[in-house]
Structure formats: structure tokens, C-alpha cells
Protein chains: 2
Amino acid sequence: MEELYEPLDEETLFIVSQTFKALSDPTRIRILHLLSSGEFSVTEIANRLSLLQSTVSHQLRFLKNLRLVKYRREGTTLYYSHDDEHVLHILEQTIRHAREH
Amino acid sequence: MEELYEPLDEETLFIVSQTFKALSDPTRIRILHLLSSGEFSVTEIANRLSLLQSTVSHQLRFLKNLRLVKYRREGTTLYYSHDDEHVLHILEQTIRHAREH
DNA sequence: AAATTATATGAACATATATTCATATATTGA
DNA sequence: TCAATATATGAATATATGTTCATATAATTT
């Protein structure tokens, strides 16, 4: 029997699980989905999604640590945008898939 | 400014988050990755991945509920295999992406 | 420098989750 | 029906996680 299966090393496993963990929370999904259409400040995100500023900030830190989002500063305002085409593509792909029942 | 952003309804959000939650745990990732190469019994999975039979069984139930795996019976043995090409494709895609650093 | 606005942070809390152990269930064969 | 084998299940536990509240930090304007 031929074996096309390659066991996963710890590092790969960690990266993959972290990536999907980022996409496993409804709040983070909504934030990333919003950011797929452009850049928004923390307050804008909170208002659009009816979330507390603190909640958004915490989740943005999470996404920032995984380099899924980035920001630029303009005065006191931080404009966040997505920073990982691959992950965003997977998310949008899965959203479409889910919408087809 | 044109708006290409479509808010996510609750149901879609739930399906998407559940799907990614399934892929966010190292044990489930290893199981699904193994099943990408064929069908295996619960005991085989446990042995190959050095996991307790109980752990594997619990996680298979989780994956079964989300219809990510299916099984066929042969005597007392249950052979599990994957049951969602789309999700498996996303997983393998992300594994390859992670392996490229 | 003080006030204002925007964002980040830490602690506390409630909830969710993964694993383990012990045991139950199910199928087969003697 | 009893023994053997394979799998499932439930309770217990430890840990992880998301949200909230209060407050801190940072940049700007007056």
C-alpha cells in the first residue's frame, strides 16, 4: 500500500491551528469580513458591527499578532485593513460555500 | 463610496465559525489530515497519531456532527473517512501555505 | 498645559473546550 | 450465552477564550 500521507510537524500544526482559530470566532469573522471591503478605524468597526470599542480592540490585537490585519495611523485614528490575502480568500470562499446552504 | 460589503446573517456566521472551529484544534487537524489519505478505523487512527481511543472517538463525533467525516461498519470495526471535499481542500491548502514558512 | 478624541490594556468573570478515566454499548465468534 | 474486540459515552477536571468594565495611553487642538 502506498502512503501519500505526510505527518504534520509541530510547527506546521501550530500555525495551521492558530490560523483557523482566528477564523473560528463570530466577532473576528465579522471584523475580517468587513475589512475585506476596505479600511476602517476601530470606532467605525465597532459602530458598524454594534460592538464595544474594547471588544474590537482586543480582537484586532489578536488578528494583528497573527498578521492577519495591519494599520496605519492618521492623527489619533488607526485605520485597520486586512494583511493576508490567502486567509481572506479562504474566509470569503467559506462564506460563499455556507450561503449555498 | 460604493459598498461591496454584505453583512453576515446569523446562520451563515454560525456555519462558518463552526467549520473553522473544527479546523482549529491540533488533534482534529491531525485526524482530518490522516483521513485525507484514506479510511481508517478508530483504533488505527489512535495508534497512528498516538492518541487515546476515547480522545479519537470524541473528536470523531465532533467531526461527524459537522458532517466532515463519515463511516462504514465492518463487523465491530468502524472505518472513518472524510466527507467534505471543500473543507478538506481548505485544510490541505492551508497546510501547504504554512509549510512555506 | 488642559481638554478632547481615539485606542489599548488589564483584571474579572462566565463560558467553552479538550482530555482523561471509568464504564457502557455493540457486534462477532466460540 | 459468554468472551473478546471495537467503539461510544458521561462525568470530572484543567485550561482556554471572549466580553465587559474601568482605566491607561497617545495624539491633537485650543
Side-chain angles (χ1 to χ4, degrees), chain A residues 8 10 13-35 38-81 83, chain B residues 8 10 13-35 38-81 83:
Chain A
L8 294 167
E10 275 302 317
L13 203 54
F14 181 75
I15 296 172
V16 172
S17 63
Q18 283 296 109
T19 302
F20 286 125
K21 191 162 291 172
L23 300 174
S24 71
D25 176 70
T27 300
R28 289 192 291 268
I29 292 173
R30 295 174 73 211
I31 291 173
L32 284 172
H33 181 58
L34 176 60
L35 294 185
E39 65 171 17
F40 297 89
S41 72
V42 178
T43 303
E44 282 171 342
I45 296 170
N47 289 338
R48 289 225 183 199
L49 304 183
S50 302
L51 296 168
L52 290 179
Q53 178 269 323
S54 177
T55 300
V56 174
S57 186
H58 278 297
Q59 297 298 2
L60 284 172
R61 178 169 56 175
F62 184 109
L63 296 170
K64 183 78 176 45
N65 286 339
L66 289 176
R67 301 182 194 284
L68 300 185
V69 302
K70 62 179 190 292
Y71 65 81
R72 66 179 179 84
R73 180 180 285 281
E74 205 168 283
T76 58
T77 304
L78 302 185
Y79 289 97
Y80 278 83
S81 55
D83 197 27
Chain B
L8 294 167
E10 275 302 317
L13 202 55
F14 182 74
I15 296 172
V16 172
S17 63
Q18 284 296 110
T19 301
F20 287 126
K21 190 162 292 171
L23 300 174
S24 71
D25 176 71
T27 300
R28 288 192 292 267
I29 291 173
R30 295 175 72 212
I31 292 174
L32 284 172
H33 181 57
L34 175 60
L35 294 186
E39 64 172 18
F40 297 88
S41 72
V42 177
T43 303
E44 282 172 343
I45 296 171
N47 289 338
R48 289 224 184 199
L49 305 182
S50 302
L51 296 169
L52 291 178
Q53 177 269 323
S54 177
T55 300
V56 174
S57 186
H58 277 298
Q59 296 298 1
L60 284 172
R61 178 169 58 175
F62 184 108
L63 296 170
K64 183 75 176 47
N65 286 339
L66 289 176
R67 301 181 192 286
L68 300 186
V69 302
K70 61 180 189 292
Y71 64 81
R72 68 178 178 85
R73 180 182 283 280
E74 205 168 286
T76 58
T77 304
L78 301 185
Y79 290 98
Y80 277 85
S81 56
D83 197 27

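Lettering of chains follows the sequences in order, A, B, ..., and the numbering in each one begins at 1.
One finds the CZ atom of B/Arg61 at 11.5 Å from the CG atom of B/Leu63 (value rounded to the nearest 0.5 Å). Going from atom CG of B/Leu23 over to atom NE2 of B/His33 covers 13.0 Å, rounded to the nearest 0.5 Å. Between the NE2 atom of A/His58 and the CD atom of A/Gln53 there is a distance of 8.5 Å, given to the nearest 0.5 Å.
The backbone N or O of A/Gly75 sits less than 3.5 Å from a side-chain atom of A/Arg73, completing a donor-acceptor pair. Looking only at distances, a side-chain donor or acceptor of A/Ser24 sits under 3.5 Å from a matching main-chain atom of A/Lys21.
Within the 4.0 Å cut-off from OP1 or OP2 of D/dA8, at least one side-chain nitrogen or oxygen of B/Tyr80 is found. Distances shown here put every side-chain N or O of A/Ser41 at or beyond 4.0 Å from the OP1 or OP2 atom of C/dA6. The phosphate of C/dA18 (OP1 or OP2) has a side-chain N or O of B/Arg28 nearer than 4.0 angstrom. Between B/Thr27 and C/dT19, a side-chain N or O to OP1/OP2 separation shorter than 4.0 Å is present. Side-chain nitrogen and oxygen atoms of B/Ser57 include at least one within less than 4.0 Å of the OP1 or OP2 phosphate oxygen of D/dA8. Put simply, B/Thr43 has a side-chain N or O that comes within less than 4.0 Å of OP1 or OP2 on D/dT7.
Distance CG (A/Leu52) to P (C/dA12): 19 Å, rounded to an integer number of Å. In this structure, the CD atom of B/Gln18 is 11 Å from the P atom of C/dA16, given to the nearest Å. Atom-to-atom, CG of B/Asn65 to P of C/dA16 comes out at 16 Å; the value is rounded to the nearest Å. For the pair A/Leu60 CG and C/dT9 C1', the computed distance is 14 Å after rounding to whole Å. In this structure, B/Asn47 places its CG atom 12 Å from C1' of D/dA6, rounding to the nearest Å. For B/Leu63 and D/dT7, the CG to C1' distance is 16 Å, given to the nearest whole Å. If you measure from atom CG of B/Asp25 to atom C1' of C/dA16, you get 13 Å, rounded to the nearest angstrom. Straight-line distance from the CD1 atom of B/Ile31 to the P atom of C/dT19: 8 Å, rounded to whole Å.
In this structure, the nucleotide among C/dC21, D/dT7, C/dT27 sitting nearest to the side chain of B/Arg73 is C/dT27. Checking D/dT20, D/dA6, D/dA27 against every side-chain atom of A/Thr55, the shortest atom distance belongs to D/dT20. For A/Arg61, the listed nucleotide lying nearest its side chain is C/dG10; candidates were C/dT7, C/dT19, C/dG10.
Nearer to the 5' terminus of DNA chain D, by closest-nucleotide assignment, is the contact made by B/Leu78 (compared with the other of B/Leu78 and A/Gly75). DNA chain C is contacted by both B/Thr76 and A/Val42; A/Val42 maps to the nucleotide lying nearer its 5′ end (nearest heavy atom per residue).
Within the 4.0 angstrom heavy-atom criterion, base atoms lie near B/Ser54.
Below the 3.5 angstrom threshold, one finds no donor paired with an acceptor across the side chain of A/Gln53 and the base of C/dA6.
Remark: ring of B/His58 does not overlap the six-membered base ring of C/dT19 in a stacked fashion, as centroids less than 5.5 Å apart with planes less than 30° apart are not both met.
Relative ring orientation between B/Tyr71 and B/Tyr80 is described as tilted, the plane-to-plane angle lying within the 30° to 60° band.
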